[in-house]
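Single-structure report; data block below.
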There are 2 protein chains.
Amino acid sequence: MDARQLKERVRNTGLRFTKIRESLLELLLESGAPLSAPALLGLLHAKGITVNKTTIYRELDALGQRQIIRQVQLGGRAAQYEIIASDHHHHLVCLECKKVEDVDMLKDLDQEEKKITASTQFTVTSHSLEFYGICKGCKTTI
Amino acid sequence: MDARQLKERVRNTGLRFTKIRESLLELLLESGAPLSAPALLGLLHAKGITVNKTTIYRELDALGQRQIIRQVQLGGRAAQYEIIASDHHHHLVCLECKKVEDVDMLKDLDQEEKKITASTQFTVTSHSLEFYGICKGCKTTI
DNA sequence: TGACAAATGCAACTAAGTTGCAATAAGATA
DNA sequence: TATCTTATTGCAACTTAGTTGCATTTGTCA
Ligand SMILES: [Mn+2]
Ligand SMILES: [Mn+2]
Ligand SMILES: [Zn+2]
Ligand SMILES: [Zn+2]
């Protein structure tokens, strides 16, 4: 998933390719980790792009509806957002500095989804798995 | 985990056993699912117990520090809380009505924790796994 | 029964997120 | 390129979740 592909995806869903939208997606793409609305607002302002918070929230909503980004719940007050890339993955959340890292799918949880759907009255369509602990940086700092 | 055991645990940590604390824990115990601070506030008021929201937040914090309850992140704006019972479990979250059900641990994710800790610079200490989908009630209603 | 810490309420605050409405700009078309 | 339509944006006012300082009340134990 690079900037060009992303632009393609955005245009295909009927969205205009505005400066704000472009910069916001660029930030999410460059960031190795999910970003919150307040964080995005700050980063955009730091880039010299003046944008209102209402626009950010509407933008995140629009991109979410089109399956270009997804909201992830990792604790903390604000929701975080990340580009929906090709492969499914999970997250490592540092309890110390709150940094988030991606971690590739290890076990096949789709099997678990099927088991639950088969054995309960609940139809599972997706899942999210977060691992909590201490990151490399926080171990050396202490 | 029944009311008596819970009272014991509360007393053992040096907490006084107040009417508010008792009712709050009772609500969490009776509820099959996690509850948010605003929800608890509403339920307590419905029970005729007048309590300030500041008290609720401080209470949740105190019980959390003592490992009597835990905060769970399940999407939605408000954090949810549940009694820490003996066995580890995960959650089924209905995307329609937002209801939450417990689901017993199926696979052994402790193994995954160990693998990650061994192969990355990140020391995993816990995890949370949520399954999303449609609950029984919401399937029949549609 | 005090004494003393824990618990509580209140008011004022911050931070995240939402809504309605008016102004602006992207980009398709002529 | 000028024009048109509609998506996008900003602004202000609002809601909801959660926090803080301080004064008052209440549980517990000697
Ligand atoms: Mn990720
Ligand atoms: Mn649970
Ligand atoms: Zn860290
Ligand atoms: Zn449901």
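So that the names make sense, note that chain A is the first sequence line, chain B the second, and so on, each numbered from 1. Side-chain atoms are counted along with the backbone in the values below, which use heavy atoms only and exclude waters and symmetry mates.
Side-chain contact check for A:Leu40 versus A:Leu28: some heavy-atom pair is nearer than 4.5 Å. Side-chain contact check for B:Val72 versus B:Val100: every heavy-atom pair is 4.5 Å or farther apart. B:Glu101 places a side-chain heavy atom less than 4.5 Å from the side chain of B:Cys135.
For B:Glu8, the CD atom counts as loosely surrounded, since its 6.0 Å shell holds 12 or fewer non-hydrogen atoms of other residues, nucleotides or ligands.
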| field | Step-by-step side chain to side chain donor-acceptor pair (under 3.5 Å) determination, B:His91 to B:Glu82 | value | CA-CA 12 Å; B:His91 293 112; B:Glu82 64 178 8; 3.0 Å; yes
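Here D:dA7 presents its P atom at 15 Å from CG of A:Asp61, a figure rounded to the nearest Å. The nearest whole Å value for the distance from the CZ atom in B:Arg66 to the P atom in C:dA6 is 9 Å. Atoms CZ (A:Arg77) and C1' (D:dT19) sit 7 Å apart, rounded to a whole Å. The separation between B:Asn52 atom CG and C:dA11 atom P is 9 Å, rounded to whole Å. A straight line from CZ of A:Arg58 to C1' of D:dT6 spans 14 Å, rounded to a whole angstrom. Counting to the nearest Å, the C1' atom of C:dG27 and the CD atom of A:Glu22 are 15 Å from each other. One atom, CG of B:Leu60, and another, C1' of C:dT8, lie 14 Å apart when rounded to the nearest Å. Separating the CG atom of A:Leu63 from the P atom of D:dT9 is a distance of 10 Å, rounded to the nearest angstrom.
Within residues 10-18 of chain B, the residues approaching DNA chain D are B:Arg11, B:Arg16, B:Phe17, by heavy-atom distance under 4.0 Å. Contacts between residues 30-48 of chain B and DNA chain C, defined by a heavy-atom separation below 4.0 Å, involve no residue at all.
Under 4.0 angstrom from either OP1 or OP2 of D:dT19 there lies no side-chain N or O belonging to B:Tyr57. Side-chain nitrogen and oxygen atoms of B:Arg21 include at least one within less than 4.0 Å of the OP1 or OP2 phosphate oxygen of C:dA7. A:Thr55 has a side-chain polar atom (N or O) that falls below the 4.0 Å cut-off from OP1 or OP2 of D:dG10.
Nucleotides of DNA chain D nearest to A:Lys19 and B:Lys53 differ in position, and the one nearer the 5' end is that of A:Lys19.
Side-chain atoms of A:Thr120 never come within 3.5 Å of backbone atoms of A:Thr117 as a donor-acceptor pair (strictly under, hydrogens ignored).
Between B:His90 and B:His127, the ring planes are tilted. Angles from 30° to 60° get that label.
Among the heavy atoms of the strands lying under 4.0 Å from A:Ala79 are primed sugar atoms or P, OP1, OP2 only; no base atom is included.
Atoms OG and NE2, from A:Ser126 and A:His88 in turn, are 8.5 Å apart once rounded to the nearest 0.5 Å.
The listed nucleotides are C:dC10, D:dT9, C:dT18; the one nearest the side chain of A:Ile20 is D:dT9.
Remark: the B:Ser23 side chain and the B:Lys47 side chain contain no N/O donor-acceptor pair separated by less than 3.5 Å. A donor atom on one side chain and an acceptor atom on the other are found under 3.5 Å apart for A:Gln65 and A:Asp61.
Evaluation of atom-type donor-acceptor distances gives a pair under 3.5 Å for the side chain of B:Thr54 against the base of C:dA11.
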